[in-house]
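Structure record follows, encoded as structure tokens.
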Amino acid sequence: MSGYREVFRRGRGRHRRRRRAPLRTAAAASALVACSAFAVTAMDDDQLECQPAGAAANAGRAQEAECQARTPAHRSAAKPAGKAGGHHGGGDGVPHGGGPPPAPPPGVPQEAEGVYDHERCGNTSGRVLLTLDDWAYSDPERPVRIGAQLQAQGVRAAFFLINKYAAQYPQVASTLRQQGHWVGNHTVSHRHLPSLTDEESKDEIRGGVTGNLLRPPYGDFGEREKEIAAEAGMRICNWTIDTHDWEKTQGNARSADDIRASVRDATPEEKHNGVVLGHLFSNYPEALAGIITDLQAQGYQMCRNTGPVGEQVPNPLTC
């Protein structure tokens, strides 16, 4: 997780929108929804790139201070805005839907058939995919607890883990998949891929968590990274909504309420077939209950959890 601020200063790692060709639209249906919230215990996970619990304690005060000083600042400074309305989920808070995918709200273009959109990760379902990145540095079991809560809500998420840590706790990835969540590759150590040599970039990508989805650190990649990923059987998966959960104000982590609002106020285009970015070390897990409530109240369904999954993520996504 180191290097966020440096990458941001260089102008890299920002979420770059791709122009979409206007296609046909369909009217959206509206309905009332209610949702049962869940709680995820917040942990003190702000020590980015630090050693897991136990090892960090032995690193000395200097290293601890350095870890605490690393403030991620890697995403686009522009916050998503806008409101949505339309479809409905289950009244019990569990996203249902055995029928056709929800139609996009008026004015929202549909994806071109057969074209893979790396910002939507192959999501053409009309539903929203929640994703969680990196690692919970001081609490390695936090992803499993989050996964269990989402599973109980009938929600499937995607976890993109840094293999430097995930390899030390292999049960985390396997448990998440048993819970019905996809697990993707966030490289070995979260280095900025375009800044690396060819061999270094290959090592970072190929040495990541086993799977066929790659989320490049900072969301930054070029043709070289796409080719390396494709050669390894992976496709790029970024996001449409950045919660900016990594931001700090006067040394304070962004609150769960602010994180929740960043999703609620995103545009209909960002939500329909959308992918939400958050992190395992932040207050994003605390915000998930409210995010799900808000999206369902606006007519959006989450990707449905239909049971255990394997290492390969289908394209298009089975949401």
Side-chain angles (χ1 to χ4, degrees), residues 1-8 13 39-75 130-150 157-176 179 181 183-193 204 207-209 211 214-219 239 242-249 251-256 259 276-288:
M1 292 293 297
S2 60
Y4 281 91
R5 192 176 297 280
E6 179 183 356
V7 170
F8 187 75
V40 179
T41 303
M43 305 299 296
D44 182 13
D45 294 324
D46 291 331
Q47 295 183 344
L48 312 183
E49 271 300 293
C50 301
Q51 296 297 323
N58 299 323
R61 291 185 178 179
Q63 181 178 358
E64 181 180 357
E66 179 184 357
C67 289
Q68 292 176 341
R70 295 173 183 170
T71 302
H74 64 298
R75 315 292 185 188
L130 304 173
T131 69
L132 301 98
D133 279 16
D134 292 12
W135 192 252
Y137 298 97
S138 63
D139 182 10
E141 294 299 322
R142 192 183 194 196
V144 172
R145 295 198 305 275
I146 297 166
Q149 296 286 2
L150 291 169
F159 292 73
F160 292 89
L161 306 179
I162 299 174
N163 207 27
K164 175 180 178 181
Y165 305 108
Q168 299 179 49
Y169 301 91
Q171 76 279 4
V172 170
S174 61
T175 300
L176 288 171
Q179 292 171 340
H181 305 296
V183 179
N185 177 3
H186 203 34
T187 71
V188 175
S189 58
H190 206 278
R191 299 177 69 187
H192 181 239
L193 296 176
E204 278 289 317
V209 171
L214 169 68
R215 175 161 287 174
Y218 316 104
W239 58 86
D242 187 346
T243 63
H244 295 263
D245 59 324
W246 43 267
E247 289 181 341
K248 288 189 175 183
T249 302
N252 297 317
R254 194 170 197 205
S255 70
I259 293 168
V276 179
L277 167 69
H279 294 82
L280 288 163
F281 60 78
S282 73
N283 288 322
Y284 174 65
E286 278 195 312
L288 284 174

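Residues Trp135 and Arg142 have side chains not in contact (no heavy-atom distance under 4.5 Å, counting atoms from C-beta outward). Within the 4.5 Å cutoff, side-chain heavy atoms of Arg215 are placed close to those of Trp239. Using a 4.5 Å heavy-atom threshold, the side chains of Glu204 and Ser189 count as touching. Between Leu130 and Tyr284, the closest side-chain pair of non-hydrogen atoms falls below 4.5 Å. Considering only heavy atoms from C-beta on, Val172 stays 4.5 Å or farther from Val183 through its side chain. Between Leu132 and Leu161 the shortest side-chain heavy-atom distance does not fall below 4.5 Å.
Closest heavy-atom contact between Pro140 and Ser138: CD-C, 3.9 Å. The shortest non-hydrogen separation linking Leu193 to Pro216 is CD1-CB, 4.1 Å. The nearest pair of heavy atoms linking Ala287 to Ala256 is CB-O, 3.4 Å. The shortest non-hydrogen separation linking Val276 to Thr243 is CG1-CG2, 3.7 Å.
Atoms CD and CD1, on Glu141 and Ile146 in that order, are 11.5 Å from each other to the nearest 0.5 Å. Here Ile162 contributes atom CD1 and Arg191 contributes atom CZ; the two are 13.0 Å apart, rounded to the nearest 0.5 Å. Atom NZ of Lys248 is separated from atom OG of Ser282 by 11.0 Å, given to the nearest 0.5 angstrom.
Screening Thr131, Val209, Leu280 against Phe159 for a side-chain contact (heavy atoms from CB on, under 4.5 Å) leaves a single residue, Leu280.
Below 30°, between 30° and 60°, or above 60°: for Tyr137 and Phe281 the angle between ring planes is between 30° and 60°, a tilted geometry.
The backbone N or O of His190 sits less than 3.5 Å from a side-chain atom of Thr187, completing a donor-acceptor pair. Asp133 contributes no side-chain N or O that, together with a main-chain N or O of Leu277, makes up a donor-acceptor pair within less than 3.5 Å. With Asn283 contributing its side chain and Arg254 its backbone, the two residues share a donor-acceptor pair below 3.5 Å. The main-chain N or O of Ile259 is never found under 3.5 Å from a side-chain atom of Asp245 such that the two would form a donor-acceptor pair. Of the possible donor and acceptor atoms, one in the side chain of Gln168 sits under 3.5 Å from a partner among the backbone N and O of Lys164.
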For this session: Test side chain to side chain contact (heavy atoms under 4.5 Å, CB included) on Leu288 and Gln149 and set out the steps.
Result: CA-CA 10 Å; Leu288 284 174; Gln149 296 286 2; over 6 Å; no
